[in-house]
Amino acid sequence: MSTADTPQTWDEFMEGVWRQNPVFVMVLGMCPTLAVTVSAINAISMGLATLFVLVCSCGLVSLMRRFTPKEVRIAVYIVIIATFVTAVDYAIQAISLALYEALGAFIQLIVVNCIILGRAEAHAAKNAPMPAMINAAGMGVGFTIGLLALGVVREILGAGTLFGVALFGAGFQPWVIMVLPPGGFFVLGAWLLLFSWWARRRPLKEAAQNV
Amino acid sequence: MSESAFQIFVNALLANNFVLAMFLGLCPFLGVSGKLDTAFPMGVATTFVMLVASLCAYGLNLLLTAFHLEFLRLISYIVIIASAVQLVEMVLKKYSPALFRALGIYLPLITTNCAVLGVALFQTAREYDFVQSVTFSIGGGAGFTLALVLMASVRERLTLSNVPDLAQGTALSLMLAGILSLSFMGFAGLGG
(Lines give C-alpha, C1' and ligand atoms only; values in the text may rest on other atoms or scores of the structure.)
Protein backbone atom coordinates (compact mmCIF):
# COMPACT_ATOMS: atom_id res chain seq x y z
CA MET A 1 0.00 0.00 0.00
CA SER A 2 2.77 2.39 0.85
CA THR A 3 4.97 1.78 -2.19
CA ALA A 4 2.57 1.72 -5.09
CA ASP A 5 0.34 4.61 -4.23
CA THR A 6 2.50 7.61 -5.00
CA PRO A 7 0.58 8.56 -8.16
CA GLN A 8 -2.67 7.83 -6.39
CA THR A 9 -1.68 10.06 -3.49
CA TRP A 10 -0.77 12.79 -5.94
CA ASP A 11 -4.14 12.36 -7.62
CA GLU A 12 -5.86 12.60 -4.28
CA PHE A 13 -4.03 15.84 -3.58
CA MET A 14 -4.64 17.38 -6.99
CA GLU A 15 -8.31 16.49 -6.82
CA GLY A 16 -8.87 19.27 -4.32
CA VAL A 17 -6.45 21.70 -5.91
CA TRP A 18 -7.86 21.56 -9.38
CA ARG A 19 -10.68 19.26 -10.43
CA GLN A 20 -12.79 19.78 -7.32
CA ASN A 21 -11.51 23.21 -6.41
CA PRO A 22 -13.71 24.30 -3.49
CA VAL A 23 -13.97 27.92 -4.61
CA PHE A 24 -14.32 27.73 -8.37
CA VAL A 25 -15.86 24.32 -8.97
CA MET A 26 -17.89 23.49 -5.88
CA VAL A 27 -18.59 27.10 -4.83
CA LEU A 28 -18.32 26.25 -1.13
CA GLY A 29 -17.15 28.37 1.76
CA MET A 30 -18.25 31.56 0.09
CA CYS A 31 -18.48 33.77 3.15
CA PRO A 32 -14.79 34.00 4.04
CA THR A 33 -13.93 33.82 0.34
CA LEU A 34 -15.67 37.09 -0.40
CA ALA A 35 -15.29 38.86 2.90
CA VAL A 36 -11.56 38.71 3.55
CA THR A 37 -10.17 38.89 0.02
CA VAL A 38 -9.76 42.65 -0.06
CA SER A 39 -5.99 42.18 -0.17
CA ALA A 40 -3.64 39.40 -1.16
CA ILE A 41 -2.02 39.10 2.26
CA ASN A 42 -5.40 38.70 4.00
CA ALA A 43 -6.37 36.09 1.45
CA ILE A 44 -3.21 34.04 2.02
CA SER A 45 -3.49 34.15 5.81
CA MET A 46 -7.12 33.11 5.70
CA GLY A 47 -6.27 30.30 3.28
CA LEU A 48 -3.45 29.00 5.46
CA ALA A 49 -5.56 29.16 8.63
CA THR A 50 -8.30 27.20 6.91
CA LEU A 51 -5.75 24.73 5.54
CA PHE A 52 -4.42 24.06 9.03
CA VAL A 53 -7.87 23.54 10.54
CA LEU A 54 -8.90 21.37 7.61
CA VAL A 55 -5.91 19.04 7.80
CA CYS A 56 -5.92 18.69 11.60
CA SER A 57 -9.64 18.14 11.96
CA CYS A 58 -9.82 15.69 9.07
CA GLY A 59 -6.96 13.73 10.60
CA LEU A 60 -8.65 13.58 13.98
CA VAL A 61 -12.07 12.80 12.56
CA SER A 62 -10.52 9.97 10.59
CA LEU A 63 -8.69 8.61 13.65
CA MET A 64 -11.92 8.61 15.63
CA ARG A 65 -14.13 7.27 12.88
CA ARG A 66 -14.49 3.84 14.51
CA PHE A 67 -15.57 5.20 17.90
CA THR A 68 -17.96 7.88 16.67
CA PRO A 69 -21.62 6.84 16.92
CA LYS A 70 -23.44 7.65 13.71
CA GLU A 71 -26.21 9.63 15.40
CA VAL A 72 -24.01 12.25 16.98
CA ARG A 73 -21.28 12.41 14.35
CA ILE A 74 -22.04 15.95 13.17
CA ALA A 75 -21.84 17.25 16.71
CA VAL A 76 -18.54 15.44 17.22
CA TYR A 77 -17.11 16.91 13.99
CA ILE A 78 -18.22 20.40 14.94
CA VAL A 79 -16.62 20.21 18.36
CA ILE A 80 -13.36 18.92 16.86
CA ILE A 81 -13.34 21.71 14.27
CA ALA A 82 -14.20 24.36 16.86
CA THR A 83 -11.29 23.22 19.01
CA PHE A 84 -8.76 23.70 16.22
CA VAL A 85 -10.31 27.01 15.20
CA THR A 86 -9.98 28.29 18.75
CA ALA A 87 -6.30 27.33 18.66
CA VAL A 88 -5.78 29.12 15.34
CA ASP A 89 -7.66 32.14 16.63
CA TYR A 90 -5.33 32.53 19.61
CA ALA A 91 -2.26 31.79 17.46
CA ILE A 92 -3.04 34.54 14.96
CA GLN A 93 -3.74 36.95 17.79
CA ALA A 94 -0.30 36.17 19.20
CA ILE A 95 1.54 36.37 15.88
CA SER A 96 0.07 39.52 14.38
CA LEU A 97 -2.51 41.71 16.02
CA ALA A 98 -2.94 43.80 12.87
CA LEU A 99 -3.83 40.72 10.86
CA TYR A 100 -6.14 39.55 13.63
CA GLU A 101 -8.03 42.81 13.45
CA ALA A 102 -8.18 42.77 9.66
CA LEU A 103 -9.68 39.29 9.55
CA GLY A 104 -11.94 39.98 12.52
CA ALA A 105 -14.73 37.55 13.28
CA PHE A 106 -13.96 35.60 10.14
CA ILE A 107 -11.25 33.56 11.85
CA GLN A 108 -13.80 32.19 14.29
CA LEU A 109 -16.25 31.77 11.45
CA ILE A 110 -13.93 29.14 9.95
CA VAL A 111 -15.96 26.77 12.15
CA VAL A 112 -18.95 27.12 9.88
CA ASN A 113 -16.98 26.91 6.65
CA CYS A 114 -18.89 24.26 4.72
CA ILE A 115 -15.70 22.94 3.11
CA ILE A 116 -14.40 21.60 6.41
CA LEU A 117 -17.58 19.92 7.56
CA GLY A 118 -18.14 18.65 4.03
CA ARG A 119 -14.68 17.07 3.90
CA ALA A 120 -15.08 15.55 7.36
CA GLU A 121 -18.41 14.01 6.45
CA ALA A 122 -17.71 12.99 2.87
CA HIS A 123 -14.11 11.84 3.04
CA ALA A 124 -12.41 11.76 6.43
CA ALA A 125 -15.16 9.72 8.07
CA LYS A 126 -14.66 6.89 5.58
CA ASN A 127 -10.90 6.80 5.09
CA ALA A 128 -7.69 6.13 6.99
CA PRO A 129 -5.95 9.18 8.52
CA MET A 130 -3.21 9.47 5.90
CA PRO A 131 -5.36 9.67 2.72
CA ALA A 132 -7.87 11.79 4.60
CA MET A 133 -5.22 14.34 5.52
CA ILE A 134 -3.78 14.37 2.01
CA ASN A 135 -7.21 14.95 0.55
CA ALA A 136 -7.83 17.69 3.09
CA ALA A 137 -4.49 19.30 2.29
CA GLY A 138 -5.40 19.33 -1.40
CA MET A 139 -8.69 21.01 -0.63
CA GLY A 140 -6.98 23.51 1.64
CA VAL A 141 -4.42 24.39 -1.02
CA GLY A 142 -7.17 24.69 -3.59
CA PHE A 143 -9.07 27.01 -1.28
CA THR A 144 -5.97 29.12 -0.68
CA ILE A 145 -5.36 29.41 -4.42
CA GLY A 146 -8.97 30.45 -4.92
CA LEU A 147 -8.73 33.10 -2.21
CA LEU A 148 -5.45 34.35 -3.62
CA ALA A 149 -6.90 34.63 -7.12
CA LEU A 150 -9.64 36.86 -5.76
CA GLY A 151 -7.41 38.78 -3.37
CA VAL A 152 -4.82 39.63 -6.01
CA VAL A 153 -7.36 40.91 -8.53
CA ARG A 154 -9.25 42.93 -5.96
CA GLU A 155 -6.13 44.47 -4.45
CA ILE A 156 -4.64 45.43 -7.82
CA LEU A 157 -7.85 46.94 -9.15
CA GLY A 158 -9.16 48.42 -5.93
CA ALA A 159 -6.02 49.80 -4.35
CA GLY A 160 -3.36 49.64 -7.07
CA THR A 161 -1.05 47.59 -4.85
CA LEU A 162 0.04 43.97 -4.52
CA PHE A 163 1.06 42.67 -1.08
CA GLY A 164 1.12 46.33 -0.02
CA VAL A 165 3.57 47.37 -2.75
CA ALA A 166 2.34 50.10 -5.09
CA LEU A 167 2.28 48.88 -8.67
CA PHE A 168 1.36 51.98 -10.59
CA GLY A 169 2.47 55.58 -10.61
CA ALA A 170 0.89 58.35 -8.60
CA GLY A 171 -1.55 59.02 -11.42
CA PHE A 172 -3.37 55.75 -10.76
CA GLN A 173 -6.98 56.20 -9.82
CA PRO A 174 -8.03 53.16 -7.72
CA TRP A 175 -11.23 51.39 -8.66
CA VAL A 176 -12.55 51.59 -5.12
CA ILE A 177 -15.66 49.52 -5.71
CA MET A 178 -13.46 46.44 -6.08
CA VAL A 179 -12.42 46.42 -2.42
CA LEU A 180 -15.99 47.12 -1.31
CA PRO A 181 -18.53 44.30 -0.97
CA PRO A 182 -19.97 44.43 -4.53
CA GLY A 183 -16.47 43.98 -5.96
CA GLY A 184 -16.19 40.59 -4.27
CA PHE A 185 -19.29 39.33 -6.02
CA PHE A 186 -18.21 40.77 -9.37
CA VAL A 187 -14.66 39.39 -9.30
CA LEU A 188 -15.78 35.89 -8.29
CA GLY A 189 -18.48 36.00 -10.95
CA ALA A 190 -15.90 37.02 -13.52
CA TRP A 191 -13.56 34.17 -12.51
CA LEU A 192 -16.40 31.67 -12.83
CA LEU A 193 -17.25 33.06 -16.26
CA LEU A 194 -13.63 32.72 -17.30
CA PHE A 195 -13.49 29.10 -16.13
CA SER A 196 -16.70 28.10 -17.81
CA TRP A 197 -15.52 29.75 -21.01
CA TRP A 198 -12.25 27.83 -20.77
CA ALA A 199 -13.99 24.54 -19.99
CA ARG A 200 -16.24 25.00 -22.99
CA ARG A 201 -13.44 26.00 -25.32
CA ARG A 202 -11.27 22.95 -24.75
CA PRO A 203 -13.58 20.26 -26.16
CA LEU A 204 -14.35 22.52 -29.13
CA LYS A 205 -10.67 22.93 -29.85
CA GLU A 206 -10.05 19.18 -29.63
CA ALA A 207 -12.96 18.54 -31.93
CA ALA A 208 -11.57 21.07 -34.40
CA GLN A 209 -8.18 19.34 -34.38
CA ASN A 210 -9.71 15.92 -35.01
CA VAL A 211 -11.56 17.08 -38.09
CA MET B 1 -21.67 51.48 23.27
CA SER B 2 -24.22 54.24 23.03
CA GLU B 3 -26.03 53.15 19.88
CA SER B 4 -29.78 53.19 20.25
CA ALA B 5 -31.76 50.04 19.57
CA PHE B 6 -33.32 51.61 16.48
CA GLN B 7 -29.93 52.51 15.03
CA ILE B 8 -28.73 48.96 15.51
CA PHE B 9 -31.85 47.59 13.86
CA VAL B 10 -31.61 49.81 10.77
CA ASN B 11 -27.90 49.20 10.56
CA ALA B 12 -28.25 45.43 10.60
CA LEU B 13 -31.23 45.52 8.24
CA LEU B 14 -29.93 47.85 5.52
CA ALA B 15 -26.62 49.64 5.88
CA ASN B 16 -24.68 46.61 7.08
CA ASN B 17 -26.93 43.99 5.57
CA PHE B 18 -25.62 40.59 6.65
CA VAL B 19 -25.63 39.06 3.20
CA LEU B 20 -24.88 41.93 0.89
CA ALA B 21 -22.45 43.99 2.93
CA MET B 22 -20.90 41.58 5.40
CA PHE B 23 -20.93 38.37 3.37
CA LEU B 24 -22.55 36.23 6.01
CA GLY B 25 -24.86 33.39 5.09
CA LEU B 26 -24.00 33.19 1.42
CA CYS B 27 -24.53 29.45 1.03
CA PRO B 28 -28.30 29.52 1.62
CA PHE B 29 -28.40 32.87 -0.18
CA LEU B 30 -27.12 31.26 -3.37
CA GLY B 31 -28.72 27.89 -2.67
CA VAL B 32 -32.35 28.53 -1.74
CA SER B 33 -32.97 31.76 -3.59
CA GLY B 34 -34.29 30.02 -6.70
CA LYS B 35 -37.95 30.26 -5.76
CA LEU B 36 -39.87 32.86 -3.84
CA ASP B 37 -42.04 30.46 -1.85
CA THR B 38 -39.08 28.67 -0.30
CA ALA B 39 -36.96 31.78 0.11
CA PHE B 40 -39.34 33.54 2.47
CA PRO B 41 -39.92 30.65 4.94
CA MET B 42 -36.20 29.97 4.90
CA GLY B 43 -35.57 33.57 5.88
CA VAL B 44 -38.11 33.40 8.69
CA ALA B 45 -36.70 30.12 10.01
CA THR B 46 -33.19 31.56 9.98
CA THR B 47 -34.38 34.70 11.76
CA PHE B 48 -35.97 32.59 14.45
CA VAL B 49 -32.81 30.54 14.94
CA MET B 50 -30.82 33.77 15.09
CA LEU B 51 -33.07 35.16 17.79
CA VAL B 52 -32.86 31.99 19.90
CA ALA B 53 -29.11 31.74 19.36
CA SER B 54 -28.62 35.38 20.27
CA LEU B 55 -30.62 35.05 23.50
CA CYS B 56 -28.78 31.90 24.56
CA ALA B 57 -25.41 33.32 23.55
CA TYR B 58 -26.07 36.40 25.66
CA GLY B 59 -26.83 34.35 28.77
CA LEU B 60 -24.01 31.94 28.11
CA ASN B 61 -21.50 34.71 27.64
CA LEU B 62 -22.34 36.10 31.09
CA LEU B 63 -21.77 32.65 32.52
CA LEU B 64 -18.49 32.08 30.69
CA THR B 65 -17.15 35.50 31.63
CA ALA B 66 -18.06 34.88 35.27
CA PHE B 67 -16.03 31.67 35.29
CA HIS B 68 -13.21 33.01 33.05
CA LEU B 69 -13.82 30.37 30.42
CA GLU B 70 -13.76 32.65 27.37
CA PHE B 71 -11.81 30.12 25.33
CA LEU B 72 -14.84 27.84 25.38
CA ARG B 73 -17.00 30.51 23.76
CA LEU B 74 -16.81 29.26 20.20
CA ILE B 75 -17.52 25.63 21.07
CA SER B 76 -20.46 26.42 23.32
CA TYR B 77 -22.00 28.85 20.82
CA ILE B 78 -21.93 26.28 18.08
CA VAL B 79 -23.53 23.66 20.31
CA ILE B 80 -26.32 26.09 21.21
CA ILE B 81 -26.96 26.91 17.58
CA ALA B 82 -27.10 23.23 16.65
CA SER B 83 -29.71 22.63 19.35
CA ALA B 84 -31.77 25.64 18.23
CA VAL B 85 -31.79 24.33 14.67
CA GLN B 86 -32.89 20.93 15.91
CA LEU B 87 -35.77 22.64 17.71
CA VAL B 88 -36.90 24.52 14.61
CA GLU B 89 -36.66 21.33 12.61
CA MET B 90 -38.91 19.43 15.01
CA VAL B 91 -41.48 22.25 15.13
CA LEU B 92 -41.59 22.54 11.35
CA LYS B 93 -41.85 18.79 10.87
CA LYS B 94 -44.85 18.69 13.18
CA TYR B 95 -46.76 21.74 11.94
CA SER B 96 -45.79 22.04 8.29
CA PRO B 97 -44.44 18.83 6.76
CA ALA B 98 -44.73 20.26 3.25
CA LEU B 99 -42.46 23.16 4.05
CA PHE B 100 -40.15 20.77 5.88
CA ARG B 101 -39.71 18.77 2.69
CA ALA B 102 -39.33 21.87 0.53
CA LEU B 103 -36.45 23.23 2.61
CA GLY B 104 -34.82 19.82 2.66
CA ILE B 105 -31.10 19.76 3.29
CA TYR B 106 -30.93 23.51 3.79
CA LEU B 107 -32.73 23.28 7.11
CA PRO B 108 -30.03 21.38 9.05
CA LEU B 109 -27.51 23.51 7.18
CA ILE B 110 -28.72 26.56 9.11
CA THR B 111 -26.33 25.21 11.76
CA THR B 112 -23.43 26.03 9.51
CA ASN B 113 -24.94 29.33 8.41
CA CYS B 114 -22.30 31.87 9.23
CA ALA B 115 -24.95 34.54 9.72
CA VAL B 116 -26.24 32.78 12.83
CA LEU B 117 -22.85 32.29 14.41
CA GLY B 118 -21.96 35.77 13.17
CA VAL B 119 -24.79 37.32 15.20
CA ALA B 120 -23.57 35.60 18.35
CA LEU B 121 -19.93 36.52 17.75
CA PHE B 122 -20.55 40.13 16.76
CA GLN B 123 -22.81 40.87 19.71
CA THR B 124 -20.11 39.54 22.01
CA ALA B 125 -17.34 41.46 20.27
CA ARG B 126 -19.32 44.71 20.37
CA GLU B 127 -20.42 44.17 23.98
CA TYR B 128 -24.10 44.74 23.26
CA ASP B 129 -26.46 44.66 26.23
CA PHE B 130 -29.60 42.52 26.27
CA VAL B 131 -31.95 44.83 24.32
CA GLN B 132 -29.23 45.67 21.81
CA SER B 133 -28.51 41.98 21.24
CA VAL B 134 -32.14 41.17 20.60
CA THR B 135 -32.66 44.05 18.15
CA PHE B 136 -29.40 43.18 16.45
CA SER B 137 -30.47 39.60 15.86
CA ILE B 138 -33.96 40.55 14.66
CA GLY B 139 -32.55 43.24 12.36
CA GLY B 140 -29.95 40.87 11.00
CA GLY B 141 -32.55 38.17 10.42
CA ALA B 142 -34.91 40.61 8.71
CA GLY B 143 -32.04 41.81 6.53
CA PHE B 144 -31.20 38.23 5.60
CA THR B 145 -34.83 37.56 4.70
CA LEU B 146 -35.00 40.78 2.69
CA ALA B 147 -31.90 39.89 0.68
CA LEU B 148 -33.14 36.35 0.11
CA VAL B 149 -36.57 37.51 -1.06
CA LEU B 150 -35.14 40.20 -3.36
CA MET B 151 -32.73 37.73 -4.89
CA ALA B 152 -35.43 35.09 -5.35
CA SER B 153 -37.77 37.54 -7.08
CA VAL B 154 -35.06 38.62 -9.49
CA ARG B 155 -34.07 35.05 -10.21
CA GLU B 156 -37.67 34.01 -10.84
CA ARG B 157 -37.86 36.74 -13.44
CA LEU B 158 -34.59 35.63 -15.00
CA THR B 159 -35.74 32.08 -15.66
CA LEU B 160 -37.94 33.52 -18.40
CA SER B 161 -35.29 35.65 -20.02
CA ASN B 162 -32.60 34.73 -22.46
CA VAL B 163 -29.23 34.50 -20.72
CA PRO B 164 -25.95 33.73 -22.49
CA ASP B 165 -25.09 30.04 -22.00
CA LEU B 166 -21.76 30.84 -20.46
CA ALA B 167 -23.20 32.92 -17.63
CA GLN B 168 -25.85 30.44 -16.56
CA GLY B 169 -25.87 29.25 -12.96
CA THR B 170 -23.61 30.51 -10.23
CA ALA B 171 -21.81 33.15 -12.26
CA LEU B 172 -25.11 34.82 -13.05
CA SER B 173 -26.26 34.67 -9.41
CA LEU B 174 -23.00 36.23 -8.29
CA MET B 175 -23.29 39.08 -10.77
CA LEU B 176 -26.86 39.66 -9.59
CA ALA B 177 -25.76 39.65 -5.98
CA GLY B 178 -23.07 42.18 -6.90
CA ILE B 179 -25.63 44.53 -8.39
CA LEU B 180 -27.94 44.12 -5.38
CA SER B 181 -25.01 44.77 -3.09
CA LEU B 182 -24.14 47.86 -5.10
CA SER B 183 -27.62 49.25 -4.59
CA PHE B 184 -27.53 48.45 -0.87
CA MET B 185 -24.41 50.57 -0.59
CA GLY B 186 -26.73 53.51 -1.12
CA PHE B 187 -27.94 52.91 2.44
CA ALA B 188 -24.47 53.47 3.88
CA GLY B 189 -24.52 55.98 6.68
CA LEU B 190 -28.24 55.55 7.28
CA GLY B 191 -27.80 53.84 10.63
CA GLY B 192 -25.25 56.37 11.82
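Sequence lines set the chain letters: A, B, ... in the order given, protein chains first and strands last, and positions in each chain run from 1. The basis for the numbers below is simple: all heavy atoms, side chains too, and nothing from hydrogens, waters or symmetry mates.
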- Message: Which atoms of B/Met22 are under 4.5 Å from chain A, going by heavy atoms: the side chain, the backbone, both sets, or neither?
- Response: backbone
- Item | From A/Ile177 atom CD1 to B/Ser181 atom OG, the distance as rounded to the nearest 0.5 Å | 7.5 Å
- Task: Kindly indicate whether the side chain of B/Ile78, heavy atoms from C-beta on, has any atom under 4.5 Å from the side chain of A/Val112.
- Result: yes
- Item | Inter-residue atom distance B/Leu121.CG - A/Leu109.CG, 0.5 Å rounding | 5.5 Å
- B/Phe122 portion near chain A, given a 4.5 angstrom heavy-atom threshold: side chain
- Message: Heavy-atom cut-off 4.5 Å, strictly under: side chain, backbone, both or neither for B/Val116 against chain A?
- Response: neither
- Query: So what's closer than 4.5 Å to chain A heavy atoms on B/Ala177: side chain, backbone, both or neither?
  - Reply: both
- Message: Run the side chain to side chain contact (heavy atoms under 4.5 Å, CB included) test on B/Met175 and A/Phe185 for me, step by step, so that the C-alpha distance in whole Å, both residues' side-chain angles and the decisive distance to 0.1 Å come before the verdict.
- Response: CA-CA 6 Å; B/Met175 290 296 178; A/Phe185 288 116; over 6 Å; no
- Heavy-atom contact with chain B under 4.5 Å, split by part of A/Phe106: side chain
- Message: Heavy-atom cut-off 4.5 Å, strictly under: side chain, backbone, both or neither for A/Leu117 against chain B?
- Response: side chain
- Message: Let's test your reading of the structure: which of B/Phe184, B/Phe71, B/Phe29 forms the most heavy-atom pairs below 4.5 Å with chain A?
- Response: B/Phe71
- Item | Other residues, nucleotides, ligands: >12 heavy atoms within 6.0 Å of A/Tyr90 OH | yes
- Note on the structure: Okay, B/Leu24 and chain A: the region with an atom under 4.5 Å from a heavy atom over there is both
- Would you mind checking which part of A/Ile81 comes under 4.5 Å of any heavy atom in chain B, side chain (CB onward), backbone (N, CA, C, O), both or neither? neither
- Item | Minimum heavy-atom distance between B/Leu74 and A/Ala82, given as atom pair plus value | CD2-O, 4.0 Å
- Query: Can you tell if the side chain of A/Leu34 reaches within under 4.5 Å of the side chain of B/Leu26, non-hydrogen atoms only?
  - Reply: yes
- Contact part of B/Ile179 toward chain A, heavy-atom cut-off under 4.5 Å: side chain, backbone, both or neither? both
- Looking only at heavy atoms, what is the nearest atom pair of B/Met185 and A/Leu180, with distance? CE-CD1, 3.4 Å
- Message: A quick test of your reading: do over 12 heavy atoms of other residues, nucleotides or ligands sit less than 6.0 Å from OH of A/Tyr100?
- Response: yes
